[in-house]
Amino acid sequence: MLQLQHIRAQKEAFIAALKKRNIDAEPLLNQVLDLDEKRRATQTELDSTLAESNKLSKEIGMLYKSGKAAEANELKAKTAELKESSKKLGEDLNTLATELQEVLYQIPNIPNALVPAGSSEEDNEEVFREGEIPKLIEDALPHWELAKKYDLIDFELGVKVAGAGFPVYKGKGARLQRALISYFLDKNTEAGYTEIQVPHLVNEASGFGTGQLPDKEGQMYHVTGDNLYLIPTAEVPVTNIFRDDIVKVDDFPIKLTGYTPCFRREAGSYGAHVRGLNRLHQFDKVEIVRVEHPKHSYEALDQMVEHVKNLLRDLKLPYRILRLCGGDLGFTSALTYDFEVFSTAQDRWLEISSVSNFETFQANRLKLRFKDENGKTQLAHTLNGSALALPRVLAGILENYQTENGIKIPEVLVPYCGFDIIS
RNA sequence: GGAGAAAUGGCAGAGUGGUCGAAUGCGGCAGUCUUGAAAACUGUUGAGGGUCACACCUCCGGGGGUUCGAAUCCCUCUUUCUCCGCCA
């Protein structure tokens, strides 16, 4: 959520910046300013009404104390009118504040200056590429065929138990998955991230805090009986740890990592691109989350990008990094780098990580603040990234590491797997 | 799931209808003293709105109510604790 003071101060700049997202924010921003002005006017009026009735109440109290009941009763009669108008003003204020909130919720974050213009993923800017795309064997298979051939993943069984998009991992497939989770958590911990385990269901307040709610597209699974949501990413529970917090400036940098399953309804996705592990309703992901001083958040973003690079280097997977264009940038993000691994047998790139700086956008919703060097309270910056999303890494490994004799295991994973080939 | 108790500032803990945004202690910060530190002493120390700055307003778990006036009384929800039941 954008900060009101900022909208007041730099409306024009915001309109210009939001053009990169291909939206005309002017009507919304005008609406915000209009509602804000009305809200403040109502607030002022209410405040002075309350001030007056507070004053009267005190006088009445003193009159009673000194035994002047008649005078007190006289004053009491005067309070009725004040009471009525403050009640009405309070209701107006509520309505205005709610409306204002609703409009603010509709406005996405201001893209960073580095964000390229563009309308779709076609316009994302490749900023880095590394790793060799392997020459595959003659009868190379896509990962879903490999999964079947070596009995690693059973998609049909998942359909039986839950539905499409809920695979069952078996034997060495399950073990490889577990190895990846352990490996990522170990590497993240080495890099200074503290491992935590968080709930996989969150309440409404958490959903609003990180920006998944209001959920217009219905992307989250909603447990209506208890009004809880299945997390679409660990970002939600991990970042919400800091909701309503004021941290100390010495607490920075705050670096956390956690493994969770992620649940996404993926309404509207279907077709060949969602085959196999490409897009699932439930998948595993190891996430890194940071809370930073605004001065250092872009430094932190670079460090996170560097860290994810190292993970992929270690796995020896060919990958590229994209800087997302305005049209592809997430609602809450100011700057996002996507990592894509090359899925050789499918001959396409698969997104396996998304590393973002949200600046104060989430912090403002979360009321996540810190006391700065001068003792002033200000909003912190939040960041997060996948390190990494499992299924597509698995797809990349299966496809890129296939040989005539089976699927080799990346060297760094062998100690975690306990085997070096799937055959 | 049943019965009871509770929820106050960073923490502990007073406060049961008026001048209480809230005693006191601890912690934090600044200062005095000290070669330095500790101790002691003095001062300071919640958040949000509003203002050029004040004034002023709101907040004692959330929401609603009674009253001229609510941290204090009533209703409701949530959470925590104790006991019982069930249970990985």
Side-chain angles (χ1 to χ4, degrees), chain A residues 1-9 32-101 103-105 197-209 213 223-229 237 240-252 254 261 291 360 362-380:
Chain A
M1 188 163 66
L2 297 179
Q3 292 174 261
L4 258 175
Q5 314 90 282
H6 291 175
I7 297 178
R8 276 185 222 146
V32 166
L33 292 178
D34 180 51
L35 284 166
D36 177 46
E37 205 168 301
K38 282 186 188 149
R39 200 212 85 230
R40 276 188 294 163
T42 310
Q43 174 86 257
T44 307
E45 211 180 324
L46 174 65
D47 283 0
S48 54
T49 310
L50 287 173
E52 202 173 327
S53 79
N54 284 346
K55 213 174 101 204
L56 279 179
S57 290
K58 276 180 190 166
E59 279 173 35
I60 291 169
M62 290 200 277
L63 286 172
Y64 272 124
K65 225 168 211 177
S66 51
K68 298 175 182 163
E71 281 177 53
N73 287 332
E74 220 168 282
L75 280 186
K76 261 197 208 178
K78 283 169 71 179
T79 60
E81 203 180 315
L82 285 173
K83 228 181 143 179
E84 200 175 310
S85 56
S86 64
K87 191 180 169 192
K88 190 186 169 298
L89 286 167
E91 281 163 7
D92 290 352
L93 185 65
N94 260 336
T95 312
L96 287 166
T98 309
E99 280 176 38
L100 179 58
Q101 186 87 312
V103 181
L104 278 172
Y105 273 142
Q197 292 191 10
V198 289
H200 299 165
L201 281 84
V202 292
N203 57 28
E204 215 165 28
S206 293
F208 275 99
L213 291 174
V223 182
T224 52
D226 297 283
N227 200 24
L228 294 169
Y229 294 84
N240 271 281
I241 288 173
F242 302 99
R243 177 153 42 85
D244 287 321
D245 252 12
I246 301 178
V247 300
K248 297 194 197 80
V249 71
D250 312 335
D251 293 339
F252 295 136
I254 295 171
V291 181
T360 59
Q362 289 184 327
N364 191 31
R365 289 181 166 209
L366 292 161
K367 293 198 170 47
L368 163 49
R369 294 151 295 170
F370 70 102
K371 280 241 194 274
D372 67 17
E373 300 76 3
N374 306 314
K376 259 192 72 182
T377 308
Q378 56 167 306
L379 292 172

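Note that the coordinates shown come from a computational prediction; the quantities given were computed from them, not determined experimentally. Each chain gets a letter, A, B and so on, in the order the sequences are listed, and its residues count up from 1.
- Atom-to-atom distance recorded for Ile254(A):CD1 and Lys248(A):NZ is 10.5 Å, nearest 0.5 angstrom.
- Remark: C86(B) base-pairs with no nucleotide in the shown strands. Criterion, Watson-Crick or G-U wobble with two distances under 3.5 Å.
- Across the P atoms, U51(B) and G25(B) are found 38 Å apart, a figure rounded to whole Å.
- With 3.5 Å as the limit, one finds a donor-acceptor pair spanning the side chains of Asn203(A) and Ser206(A).
- The gap from the P atom of G4(B) to that of C20(B) amounts to 37 Å, rounded to the nearest Å.
- With P as the reference atom, U24(B) and C68(B) are 34 Å apart, rounded to whole Å.
- The pairing partner recorded for G4(B) is C81(B), the criterion being a Watson-Crick or G-U wobble arrangement whose two distances lie under 3.5 angstrom.
- With rounding to the nearest 0.5 Å, the separation of OG1 in Thr42(A) from CD in Glu91(A) is 12.5 Å.
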Derivation of the side chain to side chain contact (heavy atoms under 4.5 Å, CB included) call for Leu100(A) and Leu4(A): CA-CA 10 Å; Leu100(A) 179 58; Leu4(A) 258 175; 4.0 Å; yes
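- In this structure, C20(B) forms no base pair with any nucleotide, since neither Watson-Crick nor G-U wobble geometry is met with both distances under 3.5 Å.
- Rounded to whole Å, the P atom of C59(B) lies 15 Å from the corresponding atom of G9(B).
- Comparing C11(B) with A7(B), their C1' atoms are spaced 15 Å from each other, to the whole Å.
- Each of Lys371(A) and Ala80(A) has a nearest nucleotide on RNA chain B; the 5'-most of these lies closest to Lys371(A).
- Using the Watson-Crick or G-U wobble rule with both distances under 3.5 Å, C59(B) pairs with G46(B).
- Rounded to the nearest 0.5 angstrom, Gln362(A) CD and Leu379(A) CG are separated by 12.0 Å.
- Remark: Leu50(A) CG to Gln43(A) CD distance equals 9.0 Å, nearest 0.5 Å.
- Separation of atoms CG (Leu96(A)) and NZ (Lys38(A)) is listed at 7.0 Å; rounding is to 0.5 Å.
- Within the shown strands, nothing qualifies as a pairing partner of C52(B) under the Watson-Crick or G-U definition with both distances less than 3.5 Å.
- The gap from the C1' atom of U45(B) to that of A22(B) amounts to 15 Å, rounded to the nearest Å.
- Taking the C1' atoms as reference points, U72(B) lies 13 Å from U66(B), given to the whole Å.
- In this structure, Asp36(A) pairs ionically with Arg39(A), as a charged nitrogen and a carboxylate oxygen lie closer than 4.0 Å.
- Partner assigned to G31(B) is C41(B), using Watson-Crick or G-U wobble distances below 3.5 angstrom.
- Near RNA chain B, meaning a heavy atom under 4.0 Å away, the residues from residues 34-60 of chain A are Arg39(A), Arg40(A), Gln43(A), Asp47(A), Leu50(A), Ala51(A), Asn54(A), Ser57(A), Ile60(A).
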Just distance, no hydrogens or angles: give the donor-acceptor pairs under 3.5 Å from side chains in residues 363-372 of chain A, sequence neighbours left out.
unit_1    : atom_1 : unit_2    : atom_2 : d
Asn364(A) : ND2    : Met1(A)   : O      : 3.0
Asn364(A) : ND2    : Leu2(A)   : O      : 3.2
Arg365(A) : NH1    : Phe208(A) : O      : 3.0
Arg365(A) : NH1    : Leu213(A) : O      : 3.1
Arg369(A) : NE     : Lys367(A) : O      : 3.3
Lys371(A) : NZ     : Thr377(A) : OG1    : 3.3
Asp372(A) : OD1    : Asn374(A) : N      : 2.9
Asp372(A) : OD1    : Gly375(A) : N      : 3.1
Asp372(A) : OD1    : Lys376(A) : N      : 2.8
Asp372(A) : OD2    : Gln378(A) : NE2    : 3.0

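- Nucleotide C11(B) has G25(B) as its partner under the Watson-Crick or G-U criteria, with both atom distances under 3.5 Å.
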Residue pair Val103(A), Leu35(A): steps toward the side chain to side chain contact (heavy atoms under 4.5 Å, CB included) verdict: CA-CA 9 Å; Val103(A) 181; Leu35(A) 284 166; 3.9 Å; yes
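- Using a 4.0 Å heavy-atom distance criterion, Lys248(A) is classed as making no nucleic acid contact.
- Reading RNA chain B from its 5' end, the first and the last nucleotide to sit under 4.0 Å from a heavy atom of chain A are G18(B) to G69(B).
- Under the Watson-Crick or G-U wobble criterion, with both distances below 3.5 Å, G36(B) has no partner in any strand shown.
- A38(B) and G48(B): their P atoms are spaced 31 Å apart (whole Å).
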